[in-house]
**Q** 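Provided herewith is a single structure, encoded as structure tokens, for subsequent inquiry.
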Amino acid sequence: MHTATVFVELGAVVLVLGLLGRLASRYGQSPIPLYLLGGLAFGHGGLLPLSSSEEFVATGAEIGVVLLLLMLGLEYTAADLVTNLKQQYPAGAVDFVLNALPGAAAGLLLGWGPVAAVVLAGVTWISSSGVIAKVLGDLGRLGNRETPVILSVLVLEDLSMALYLPILTALLAGAGLLAGSITLAIALATAGAVLFVALRYGRLISKFVSHDDPEKLLLVVFGLTLLVAGIAQKLQVSAAVGAFLVGIALSGEAAEGAHTLLSPLRDLFAAVFFVFFGLSTDPTSIPPVLLPALALAVVTALTKIATGYWAARRAGIGPRGRWRAGGALVARGEFSIVIAGLAVTAGIEPDLGPLATAYVLILVLVGPLAARWTEPAAGRLAALRTRRWVPVRQRGAAGPTGGVDAAAADGGSAVARTPS
């Protein structure tokens with residue numbers, strides 16, 4: 001009887017996801033915000049809370065994050081990764097300063113103390129690799145010039161978690177300097193070892209994995225990814241980083257075949273991840289902390305856009321690509337929730353969990369919209385400024401009726417206007 005209930009609940013959830021995805025596709029939008037709202041409806045305090053399948057959904061959500069990062073890694077080689085990291089490490093520093101400091105300041109201003117400030121710094125700093133990977137795929141931007149820049153920022157953030165999470169765990173536990181240093185050394189050694197293997201033995205790994213039979217290729221790649229992700233998680237390194245590096249290590253026919261076979265699995269489990277995020281949120285806990293969460297979300301959405309714009313400009317990307325890079329980085333998600341969850345478990349501050357949840361929910365809803373509309377909005381504002389402030393003699397050069405202004409001479413379609 002329990003199995004039948006699980007099937008009914010899962011069937012209903014997946015069916016609703018499919019219908020929501022169709023609705024989003026009809027209007028040319030990412031389905032992620034609708035998935036999250038669907039999760040709220042099925043979660044605790046929602047309209048139709050799930051009772052039997054929540055554990056399965058939680059595991060599926062973890063698999064969804066792993067697959068999202070694996071598929072992102074398959075888009076690039078190990079050489080691409082190293083080159084991008086060497087070129088973009090200053091962007092990682094800018095990212096930290098612009099996005100971690102507002103969270104830390106908010107924690108101190110709220111009177112929650114230095115440990116809570118460190119927690120909120122992590123919550124506001126780290127973008128959601130899972131959400132962003134999904135959005136880039138939905139918008140068809142994986143091959144864009146700015147995408148390697150976005151990827152570099154995300155990878156630097158994820159690798160920084162190998163430093164941040166052990167430090168945070170030690171602070172929350174009140175551990176001494178020696179214990180915290182040992183945990184940090186293990187995390188760094190693990191991340192370095194996985195990256196070394198991916199760089200040095202990537203071809204051998206691809207040769208071992210590659211197979212003409214799609215079934216065997218699927219099983220080997222999927223099993224290897226889960227194995228590496230699990231080991232990385234146990235050694236205080238993000239499972240997402242482990243999955244991403246597996247994707248980086250694969251190349252050639254193995255990467256192409258794995259991408260084709262795993263795409264449907266990624267889409268299914270990624271949708272489950274976003275639903276689970278909504279399931280874990282009690283809607284009644286959001287209103288009391290909505291205003292500070294909204295203020296923090298506005299500030300850090302702008303700082304993320306500035307981060308992406310600066311990083312893309314530094315990489316020689318054009319203005320439109322700079323705005324797309326900035327908008328794509330807005331979403332927060334899985335890491336922020338993990339960080340806040342550690343603090344809640346440690347009993348640091350009762351309001352920290354609801355605040356972090358409301359903050360992430362706002363930005364995970366706004367993130368896909370920002371990724372789509374930041375660049376068009378910036379373009380419209382630039383066009384308005386150009387039409388308003390073009391010199392009078394340039395407007396008059398087209399004749400007494402106004403004609404076409406300087407923007408049109410460069411291929412635009414702006415029409416001269418007299419300032420009001």
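All heavy atoms count here, side chains included; hydrogens, waters and symmetry mates do not.
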**Q** Show your working on side chain to side chain contact (heavy atoms under 4.5 Å, CB included) between H259 and M71 and close with a plain yes or no.
**A** CA-CA 7 Å; H259 191 282; M71 299 296 282; 3.8 Å; yes
**Q** Just verifying a value: how many Å separate Y359 OH and L352 CG, rounded to the nearest 0.5 Å?
**A** 12.5 Å
**Q** Quick one: do N144 and R324 satisfy side chain to side chain contact (heavy atoms under 4.5 Å, CB included)? Show the steps, please.
**A** CA-CA 10 Å; N144 282 18; R324 287 195 297 267; 3.7 Å; yes
**Q** What is the distance from atom OG1 of T374 to atom CD1 of I305, rounded to the nearest 0.5 Å?
**A** 4.0 Å
**Q** Between V131 and R332, is there a side-chain heavy-atom distance shorter than 4.5 Å?
**A** no
**Q** When rounded to the nearest 0.5 angstrom, what distance separates CG in L70 from CG in L224?
**A**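 Those atoms lie 9.0 Å apart.
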**Q** Can you see which heavy atom on G308 is nearest to which on A325, and at what distance?
**A** O-CB, 3.7 Å
**Q** Under the criterion side chain to side chain contact (heavy atoms under 4.5 Å, CB included), I'd like the reasoning laid out for D267 against K134: C-alpha separation, chi angles, the key distance, then a yes or no.
**A** CA-CA 8 Å; D267 294 339; K134 175 66 173 171; 3.9 Å; yes
**Q** Counting only heavy atoms from other residues, nucleotides and ligands, does the tally under 6.0 Å from CG of D212 exceed 12?
**A**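 Incorrect, the count does not exceed 12.
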**Q** So, for L17 and A271, which heavy atoms are closest and what is the spacing to 0.1 Å?
**A**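 Taking L17 first and A271 second, the nearest heavy atoms are CD1-CB, 3.8 Å.
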**Q** Taking the side chain from D213 and the backbone from E215, do they hold a donor-acceptor pair closer than 3.5 Å?
**A** yes
**Q** Please report the closest heavy-atom contact between L67 and F269, naming both atoms and the distance.
**A**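 Of all heavy-atom pairs spanning L67 and F269, the closest is CD1-CD1, 3.9 Å.
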**Q** When you look at CD of E349, are more than 12 heavy atoms from neighbouring residues, nucleotides or ligands closer to it than 6.0 Å?
**A** yes
**Q** Evaluate whether atom CG of L291 has more than 12 neighbouring non-hydrogen atoms of other residues, nucleotides or ligands under 6.0 angstrom away.
**A**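 Check fails, neighbour count at 12 or below.
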**Q** Looking only at atom types and distance, does a side-chain atom of E157 sit under 3.5 Å from a main-chain N or O of S127, one as donor and one as acceptor?
**A**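 Yes: the side chain of E157 pairs with the backbone of S127.
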**Q** Any heavy-atom pair between the side chains of L290 and I362 that's under 4.5 Å?
**A** yes
**Q** Any chance you could measure L369, atom CG, to L363, atom CG, to the nearest 0.5 Å?
**A** 11.0 Å
**Q** Say you draw a straight line from CG of L98 to CG of L302; how long is it, rounded to the nearest 0.5 Å?
**A**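 Between L98 CG and L302 CG, I get 11.0 Å after rounding to 0.5 Å.
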**Q** For the residue pair L261 and F222, establish whether any side-chain heavy-atom pair is separated by less than 4.5 Å.
**A** no
**Q** Keeping the roles fixed (side chain from T124, backbone from A121), state whether a donor-acceptor pair exists under 3.5 Å.
**A**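 It does hold such a pair.
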**Q** Check whether T225 reaches the backbone of V221 with its side chain - one donor and one acceptor, N or O, closer than 3.5 Å.
**A** yes
**Q** Does R313, at its CZ atom, have more than 12 non-hydrogen atoms belonging to other residues, nucleotides or ligands within less than 6.0 Å?
**A**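 Open.
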**Q** Grab the two heavy atoms, one from A331 and one from I132, that are nearest each other, plus how far apart they are.
**A**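 Minimum heavy-atom separation between A331 and I132: O-CD1, 4.3 Å.
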**Q** For N99 and T303, what are the C-alpha separation, side-chain angles and deciding distance, and is it a side-chain hydrogen bond (donor to acceptor under 3.5 Å, both in side chains)?
**A** CA-CA 6 Å; N99 297 286; T303 55; 2.7 Å; yes
**Q** Which heavy-atom pair separates I348 from A116 by the least distance, and what is that distance?
**A** CG2-CB, 4.0 Å
**Q** For V289 and A358, work out which heavy atoms get closest and say how close.
**A** CG2-CB, 4.1 Å
**Q** Nearest 0.5 Å, what's the CD1-CH2 distance between I339 and W125?
**A**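 I339 CD1 to W125 CH2: 8.5 Å, rounded to 0.5 Å.
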**Q** Step by step, work out the side chain to side chain contact (heavy atoms under 4.5 Å, CB included) result for L296 and V123.
**A** CA-CA 11 Å; L296 194 58; V123 169; over 6 Å; no
**Q** Charged N to carboxylate O below 4.0 Å: is that the case for E375 and R141?
**A** no
